[in-house]
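One-based numbering, in listed order, for ligands and for the atoms of each.
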Amino acid sequence: MKPLDQALVELMAFAVPLGPAESVSTFEADGRVLAQDLLSALDVPAHDNSSMDGYAVRCADWVDAGTILQVSQRIPAGSSGHLLAPASAARIFTGAPIPPGADAVVMQEDCETVEGGVRIRLQPQPGQWIRRRGEDVSAGAVVLHSGARLNPASLGLAASIGFDQVQVAPRARVALFSTGDELVMPGDVAPLEMTPGAIYNSNRFFLKALLERLGCTVTDLGIVPDRLDATIEALKGASQQHDLILTSGGVSVGEEDHIKPAVQALGELNLWQIAIKPGKPFAYGKINTAHFIGLPGNPVSSFVTFLLLVRPFILKLQGATELAPQSIAMPANFDWLKADKRREFLRVKLNPAGGLDLFDNQSSGVLTSAVWGDGLLDNPAGQTIAHGDKVQFIAFSALLS
Ligand code: AMP
Ligand code: MG
């Protein structure tokens, strides 16, 4: 059996980033991977400005709580003022540039409008309520690097330095199919009319959604029967116009598992037994120019191997530089007494005490565990866990995007 880390290194070596880059509207770029550095031509903010509605003053003009300053100018956001006359204040609003000469803003709650001006009740401190020029971004800085995955905050940041279009890596085009004669599509047969042995195709639903969350363009080829000729036919068609063919099921080496001979008939295949639980069988191959990845059929195995192996593979194809999710040390609030010789990815849930609870059925067929859980506990091979032990937790939120 191959350790996961080794499988990852080998798999990543096959993932050559796709090209060419394309230009998209920043509005449409959520989830895409930047194919350029975004360099700022300006300081953000471009001027020292007020972070409050109030009065811009010179601190030296304040004598005591009775100080009254004449209001010599008014600066709403979007306009700019001029040199602040001595012993005067500028009425100023949030975001408006600080006029030359002023060195503090007094919030309006600390002032009182009086006959002939404004009374400044509290002593202003130099710099107070002023947002400094360039405190967010300085001119010449790269705010986002090529390889960064864009998210809502980064789209805002790109816009804040004037980018209406960004260069992004192309979306991976993925053909998806499930194998298994037992599979039935929900909607085709009502639950109470399912024949013995038939099961609904659940993998197809979460795999399509997982791919789409990564920004892939998915061609859903449905269910392919457990026959060699049908599997070859499906793979041959899918190898055209796709960067990756992803399948679930049929990668064990049983008589009904036709993925291995079918891929071998058309291209090359590496069948790996990866030392993880759930998971284990995993296939990587190449058919024409298309990559091939075969996931195990058991739903939780399929789900977890996608997150651990397919996700970083696709991210790298799409040019992303950050491939591994963050894992954090957290206390386990349970005992796990049976060490496994494989590295385990247990479905666990965050509890309000700041620890992790374990789903009681960790079978690779129990998809409920993945819905109940908040993430995976990454348990090293051969390791038992005692209540209170620090364990490594990977949140689904870090894996499902
Ligand atoms: P396989 O890897 O084809 O031997 O399948 C392993 C187990 O996963 C079997 O119990 C299958 O019925 C089940 N399975 C395979 N494909 C799917 C699917 N698309 N949805 C739900 N269960 C599946
Ligand atoms: Mg099967």
*Asks:* Determine, for Tyr55 and Arg91, whether the Lys NZ or Arg CZ falls below 6.0 Å from the six-membered ring centre while staying within 45 degrees of the axis.
*Replies:*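 The answer is yes, since Arg91 meets both limits relative to Tyr55.
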
*Asks:* Please check this pair: side chain of Asp340 against backbone of Arg342, looking for a donor-acceptor N/O pair closer than 3.5 Å.
*Replies:*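 Yes, because the side chain of Asp340 sits within donor-acceptor range (under 3.5 Å) of the backbone of Arg342.
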
*Asks:* Which residue from Leu207, Asn298, Asp257 reaches closest to atom 6 (C) of ligand 1 through any of its heavy atoms?
*Replies:*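 That would be Asn298.
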
*Asks:* Does some side-chain heavy atom of Leu246 sit less than 4.5 Å from a side-chain heavy atom of Phe306?
*Replies:*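 Side chain of Phe306 against side chain of Leu246, heavy atoms only: contact under 4.5 Å found.
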
*Asks:* Non-hydrogen atoms of Gly180 versus ligand 1: any pair closer than 4.0 Å?
*Replies:*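 Checking ligand 1 against Gly180, which is what was asked, there is no heavy-atom contact under 4.0 Å.
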
*Asks:* Tell me: protein heavy atom nearest atom 9 (C) of ligand 1, and distance?
*Replies:*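 Sorting protein heavy atoms by distance from atom 9 (C) of ligand 1 puts Glu182 OE2, 4.1 Å first.
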
*Asks:* Given Gly297, Ser202, Gly250, which has its nearest heavy atom closest to atom 5 (O) of ligand 1?
*Replies:*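 Going through Gly297, Ser202, Gly250 one by one, Gly297 has the nearest heavy atom to atom 5 (O) of ligand 1.
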
*Asks:* Which residue owns the protein heavy atom closest to atom 19 (N) of ligand 1, what's the atom, and how far is it?
*Replies:*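 Going atom by atom, the protein heavy atom closest to atom 19 (N) of ligand 1 ends up being Asn201 OD1, 2.7 Å.
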
*Asks:* State yes or no: are the ring centers of Phe14 and Tyr284 separated by less than 6.0 Å?
*Replies:*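 Yes, ring centres under 6.0 Å apart.
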
*Asks:* Which protein non-hydrogen atom lies closest to atom 22 (N) of ligand 1, naming both residue and atom, and how far is it?
*Replies:*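 Its nearest protein heavy-atom neighbour is Ile199 CD1, 3.3 Å.
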
*Asks:* Verify whether one side chain among Arg347 and Gln362 offers a donor that lies under 3.5 Å from an acceptor in the other.
*Replies:*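 Yes.
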
*Asks:* On the 0 to 90° scale, with breaks at 30° and 60°, tag the Phe206-Phe303 ring pair as parallel, tilted or perpendicular.
*Replies:*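 Ring orientation of Phe206 relative to Phe303: perpendicular.
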
*Asks:* Under a 4.0 angstrom heavy-atom cut-off, which atoms of ligand 1 come close to Pro299?
*Replies:*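 Contacts of ligand 1 toward Pro299, numbered from 1: 21 (C), 22 (N).
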
*Asks:* Of all the atoms in ligand 1, which lie at a distance below 4.0 Å from a heavy atom belonging to Tyr200?
*Replies:*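 Result: 20 (N), 21 (C).
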
*Asks:* Which one of Asn49, Asp48, Asp43 satisfies the side-chain hydrogen bond (donor to acceptor under 3.5 Å, both in side chains) criterion with Arg133?
*Replies:*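 Only one option passes, and that is Asp43.
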
*Asks:* Just to be sure I read this right, does ligand 1 sit under 4.0 Å from the backbone of Ser302, its side chain, both, or neither, counting only heavy atoms?
*Replies:*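 Within the 4.0 Å criterion, Ser302 makes no contact with ligand 1.
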
